[in-house]
Amino acid sequence: MRFDHIALNAADPEALLRFYRDVIGLEEESAEEWRRGEVPFPSLRVSPDTLINIFPPRLWRKNRENEPDHAPEPEHGPGFNHFCLALDRQAWTDLLARLDKVSVGLEEGPVQRWGARGMAEAVYFRDPENNKIEARTYEPAQPAT
């Protein structure tokens with residue numbers, strides 16, 4: 001079994017595409033086709049077998065105008081806590097520098113956390129839609145020389 005994709009609801013899909021492309025360092029996939037109206041949503045490539053799909057409002061907002069006394073929809077769907085990106089040490093260090101450059105603050109970390117491959121060094125931050133992201137590296141830091 002492999003992780004295939006995650007789908008993020010986005011009030012501003014272009015802002016999320018820019019963040020994941022320019023700050024996280026992912027490649028856009030199907031974004032131009034989405035902009036031309038040929039596909040329903042854009043994606044970003046995490047690895048050869050993993051995508052992040054960005055769902056624009058028309059795919060996740062329910063048409064509830066005719067329902068009496070309906071409650072406002074939640075900001076994010078239930079059950080979503082965070083997702084995790086595993087990077088090699090250099091890519092992780094580069095990501096931290098890009099986050100700092102664009103003033104994306106860390107909510108937590110660096111901290112040691114358990115994951116799919118054991119203990120890793122991790123940080124937590126949020127994207128422009130307030131989704132929580134964990135970025136981790138399993139590679140140990142090189143000692144200073």
Side-chain angles (χ1 to χ4, degrees), residues 1-64 70-145:
M1 187 179 306
R2 290 188 196 111
F3 184 71
D4 185 79
H5 73 275
I6 62 168
L8 299 176
N9 294 338
D12 185 347
E14 289 290 355
L16 274 192
L17 285 169
R18 281 190 303 276
F19 181 81
Y20 285 95
R21 181 191 64 223
D22 299 343
V23 178
I24 302 297
L26 302 180
E27 294 291 323
E28 288 183 356
E29 187 159 309
S30 70
E32 287 304 318
E33 294 89 340
W34 170 71
R35 289 180 184 108
R36 291 191 302 262
E38 297 169 1
V39 297
F41 57 86
S43 299
L44 297 125
R45 179 66 59 186
V46 176
S47 68
D49 53 21
T50 307
L51 291 172
I52 297 175
N53 297 328
I54 306 296
F55 282 16
R58 66 180 178 77
L59 291 181
W60 53 271
R61 283 192 178 142
K62 298 175 186 165
N63 182 358
R64 297 171 52 174
H70 69 271
E73 293 195 43
E75 192 173 316
H76 294 284
F80 182 82
N81 183 275
H82 75 278
F83 67 91
C84 179
L85 300 171
L87 301 96
D88 65 36
R89 174 60 66 172
Q90 186 60 55
W92 188 78
T93 301
D94 293 346
L95 170 61
L96 294 180
R98 290 193 304 273
L99 291 171
D100 184 59
K101 182 177 180 180
V102 298
S103 301
V104 173
L106 299 181
E107 285 191 10
E108 188 178 3
V111 294
Q112 291 292 312
R113 291 289 154 78
W114 179 258
R117 298 182 352 214
M119 292 302 289
E121 190 171 5
V123 296
Y124 296 83
F125 56 94
R126 299 226 178 226
D127 71 17
E129 294 278 343
N130 205 33
N131 295 303
K132 189 183 223 181
I133 304 165
E134 175 185 349
R136 64 173 40 218
T137 183
Y138 286 97
E139 295 177 11
Q142 298 299 317
T145 55

Salt bridge (Lys or Arg N to Asp or Glu O under 4.0 Å) pairs touching residues 109-126, sequence neighbours excluded, are Arg89-Glu121, Glu107-Arg126, Glu108-Arg113
Ignoring hydrogens, what is the shortest heavy-atom contact between Ala11 and Glu129? Give both atom names and the distance. N-OE2, 2.8 Å
Flag side-chain contact, heavy atom, 4.5 Å: Phe83 against Val46: no
Pairs flagged by salt bridge (Lys or Arg N to Asp or Glu O under 4.0 Å) wherever residues 37-52 is involved - sequence neighbours left out: Arg2-Asp49, Glu29-Arg45, Arg36-Glu38
Step through the shown structure and confirm whether more than 12 heavy atoms of other residues, nucleotides or ligands are within 6.0 Å of CD on Glu33. yes
In this structure, CZ of Arg98 is separated from CD1 of Ile24 (nearest 0.5 Å) by 7.0 Å
To the nearest 0.5 Å, what is the distance between CG (Leu8) and CG (Asn130)? 12.0 Å
CG of Leu99 to CG of Leu106, rounded to nearest 0.5 Å, is 6.5 Å
Do Glu28 and Pro42 have side-chain heavy atoms sitting under 4.5 Å apart? no
Pairwise salt bridge (Lys or Arg N to Asp or Glu O under 4.0 Å) hits with a residue in residues 4-16, at least two apart: Glu14-Arg35
Gap between atom CG of Leu59 and atom CG of Asn53 - 0.5 Å precision: 10.0 Å
Return the orientation label for the Phe19 and Phe125 ring planes: parallel under 30°, perpendicular over 60°, tilted otherwise. tilted
Which atom pair, heavy atoms only, marks the closest approach of Gly109 to Val123? C-CG1, 4.1 Å
Value for NE2 (His82) from CD1 (Ile6), rounded to nearest 0.5 Å, stands at 10.5 Å
Yes or no on side-chain contact (heavy atoms from CB on, under 4.5 Å) for Arg21 and Leu26, after CA distance, side-chain angles and deciding distance? CA-CA 5 Å; Arg21 181 191 64 223; Leu26 302 180; 6.0 Å; no
Ala10 versus Pro57, closest heavy-atom pair with distance: O-CD, 3.2 Å
Residue pair Trp34, Ile54: steps toward the side-chain contact (heavy atoms from CB on, under 4.5 Å) verdict: CA-CA 10 Å; Trp34 170 71; Ile54 306 296; over 6 Å; no
For a quick test of reading the model, state the closest non-hydrogen atom pair linking Phe41 to Pro56 and the distance between them. CB-CD, 3.8 Å
Ignoring hydrogens, what is the shortest heavy-atom contact between Asn131 and Asn9? Give both atom names and the distance. ND2-O, 4.4 Å
What heavy-atom pair brings Ala116 and Tyr138 nearest, and what distance separates the two atoms? N-OH, 3.2 Å
List the steps and the verdict of side-chain contact (heavy atoms from CB on, under 4.5 Å) for Met119 and Trp114. CA-CA 4 Å; Met119 292 302 289; Trp114 179 258; 3.8 Å; yes
